[in-house]
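Written out below as structure tokens is the structure these notes cover.
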Amino acid sequence: MDPTTDNAGQTGDPGTARDALEALRAEIAKAVVGQDPAVTGLVVALLCRGHVLLEGVPGVAKTLLVRALASALELDTKRVQFTPDLMPSDVTGSLVYDTRSSEFSFQPGPVFTNLLLADEINRTPPKTQSSLLEAMEERQVTVDGTPRPLPDPFLVAATQNPVEYEGTYPLPEAQLDRFLLKLTIPLPSRQDEIDVLTRHAEGFDPRDLHAAGVRPVAGPADLEAARAAVAKTTLSPEITAYVVDICRATRESPSLTLGVSPRGATALLSTARAWAWLTGRDYVIPDDVKALALPTLRHRVQLRPEAEMEGVTADSVINAILAHVPVPR
């Protein structure tokens, strides 16, 4: 069955849902060149009901990537530019006094959407950063003592610049741990950059995705069916122990002051299951764990200053641990 002609794949069938989600890559590639790993990471996050931290220098299509994903999934999306003067109510919403009725009514903020792009999240003070915590963890917003549920699906895609730290407020470890994945958006290869410039020379407008040919190929029903199938993906005791051994090894690494918490271990188990299902299996193998270890764990560890001065990175430490921890047979 062709998911592009089946009402955006609204069937609820797991097999069709996988085909529809696989079609996302080709659809998003109409607008974004050469970012397949980031697309896959965002889909994994949606399947696991998690959130994503996107890190990359300005101009590598982070915003365009999220907008293209929302268009291809037929989901609502909103963007918030985080600035030093942004208030929590600018994100969550607030009570507004209606002079006609002489009553206060709730005006929803941009967080009431399916895909929230929190642009340059580290440019806003901790008070505003923390306004997202309840939304990310509880999937609701409480204003004046009244909890208000957020739409489903709901994903926060927060971006930050890895090279410019002046005037920024680094996310605390507790908030970093709330992000399921940290995806690094690299600069394009030479050929990819040529393709980008060629598209722009031919009239491509990143503000008009419809003109670029991006169409819905999947939808909420596909996500729901996919999530149900992922939850049935088999986990052997050996795989569970393998995940635990990897995470415990980070706590014992001499290069780290902070290792992966049990929440991080649970996250790695979840992302490995989603990846196994996306690749066509109903069981998890060690390669699934290895494939998702870096994006799931890199933001949950903290380097020692002396290790950082020697050029050690979180990725290099995790790769060394993956090479050292025995793989189950």
Side-chain angles (χ1 to χ4, degrees), residues 1 3 6 9-26 36-52 69 73 152-153 155 177 179-183 217-251 259-301 315 318-329:
M1 185 179 295
D6 188 39
Q10 299 288 314
T11 65
D13 176 69
T16 304
R18 183 189 286 116
D19 293 340
L21 293 176
E22 280 293 322
L24 281 175
R25 294 181 184 178
D36 278 358
V39 173
T40 301
L42 286 165
V43 173
V44 166
L46 282 167
L47 292 178
C48 298
R49 299 179 188 271
H51 307 284
V52 175
L69 177 69
L73 279 173
D152 184 43
L155 178 142
D177 207 33
F179 286 98
L180 181 73
L181 300 172
K182 179 181 178 181
L183 304 175
V217 294
D222 293 307
L223 283 175
E224 198 57 41
R227 287 169 174 175
V230 168
K232 296 176 183 177
T233 304
T234 303
L235 280 166
S236 69
E238 291 79 13
I239 291 293
T240 303
Y242 182 51
V243 170
V244 169
D245 289 343
I246 290 171
C247 295
R248 290 181 68 85
T250 65
R251 302 169 204 161
V260 176
S261 69
R263 179 191 285 144
T266 303
L268 181 54
L269 210 60
S270 298
T271 56
R273 291 178 89 176
W275 176 244
W277 180 82
L278 278 172
T279 52
R281 278 178 283 101
D282 61 358
Y283 58 92
V284 180
I285 61 175
D287 282 350
D288 299 324
V289 177
K290 290 181 177 180
L292 272 296
L294 284 179
T296 308
L297 304 181
R298 58 164 60 108
H299 57 296
R300 304 176 193 270
V301 300
D315 284 13
I318 294 169
N319 279 326
I321 288 171
L322 291 174
H324 176 73
V325 173
V327 179
R329 300 295 178 187

Closest heavy-atom contact between [X] and [Y]?
X: Leu269; Y: Val243; answer: CD1-CG2, 3.6 Å
X: Ala226; Y: Leu47; answer: CB-CD2, 3.3 Å
X: Thr271; Y: Leu292; answer: OG1-CB, 3.6 Å
X: Ala291; Y: Trp275; answer: CB-NE1, 3.8 Å
X: Gly41; Y: Leu181; answer: O-CD1, 3.2 Å
X: Leu183; Y: Ala38; answer: CD1-O, 3.7 Å

Salt bridge (charged side-chain N to carboxylate O under 4.0 Å, His left out) involving [X] - partner list, sequence neighbours excluded:
X: Asp152; result: Arg49, Arg227
X: Arg18; result: none
X: Arg248; result: none

Under the side chain to side chain contact (heavy atoms under 4.5 Å, CB included) test against Leu46, which residue among Leu73, Leu24, Val52, Leu180 passes?
Leu73
Determine, stepwise, if the pair Leu223 / Leu21 fulfils side-chain contact (heavy atoms from CB on, under 4.5 Å).
CA-CA 8 Å; Leu223 283 175; Leu21 293 176; 4.2 Å; yes
Show, in sequence, the C-alpha distance, side-chain angles and deciding distance for Val284 and Ser236, and conclude whether the side-chain contact (heavy atoms from CB on, under 4.5 Å) test is met.
CA-CA 8 Å; Val284 180; Ser236 69; over 6 Å; no
Taking atom [atom1] of [X] and atom [atom2] of [Y], what is their separation to the nearest 0.5 Å?
X: Arg298; Y: Asn319; atom1: CZ; atom2: CG; result: 9.0 Å
X: Leu322; Y: Asp245; atom1: CG; atom2: CG; result: 12.0 Å
X: Arg300; Y: Leu297; atom1: CZ; atom2: CG; result: 7.0 Å
X: Asp288; Y: Ile285; atom1: CG; atom2: CD1; result: 4.5 Å

Contact between Thr296 and Lys182 at the side-chain level, heavy atoms closer than 4.5 Å - yes or no?
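Side-chain contact under 4.5 Å: no.
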Applying side chain to side chain donor-acceptor pair (under 3.5 Å), name anything that partners Thr40, two or more places apart in sequence or on another chain.
Arg25
Not counting sequence neighbours, which residues clear side chain to side chain donor-acceptor pair (under 3.5 Å) with Thr250? List them please.
none
What verdict does the side-chain hydrogen bond (donor to acceptor under 3.5 Å, both in side chains) test give for Thr234 and Asp282, after you've listed the backbone C-alpha separation in whole Å, the side-chain angles of each residue and the deciding distance to 0.1 Å?
CA-CA 6 Å; Thr234 303; Asp282 61 358; 5.4 Å; no
Short question: side chain of Arg251, backbone of Gly259 - any donor-acceptor pair under 3.5 Å?
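Such a contact is absent between Arg251 side chain and Gly259 backbone.
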Between Arg273 and Tyr283, is a side-chain contact (heavy atoms from CB on, under 4.5 Å) present by the stated rule, with each step listed?
CA-CA 7 Å; Arg273 291 178 89 176; Tyr283 58 92; over 6 Å; no
Going by the rule ring pair (Phe, Tyr, Trp, His ring centres under 6.0 Å), which residues pair with His51 if we only count those two or more places apart in sequence or in a different chain?
Phe154
Using side-chain contact (heavy atoms from CB on, under 4.5 Å), reason through Ile246 and Val260 one step at a time and then give a plain yes or no.
CA-CA 9 Å; Ile246 290 171; Val260 176; over 6 Å; no
With side-chain hydrogen bond (donor to acceptor under 3.5 Å, both in side chains) as the test, would you mind laying out the steps for Arg281 and Thr279 before giving the verdict?
CA-CA 6 Å; Arg281 278 178 283 101; Thr279 52; 3.3 Å; yes
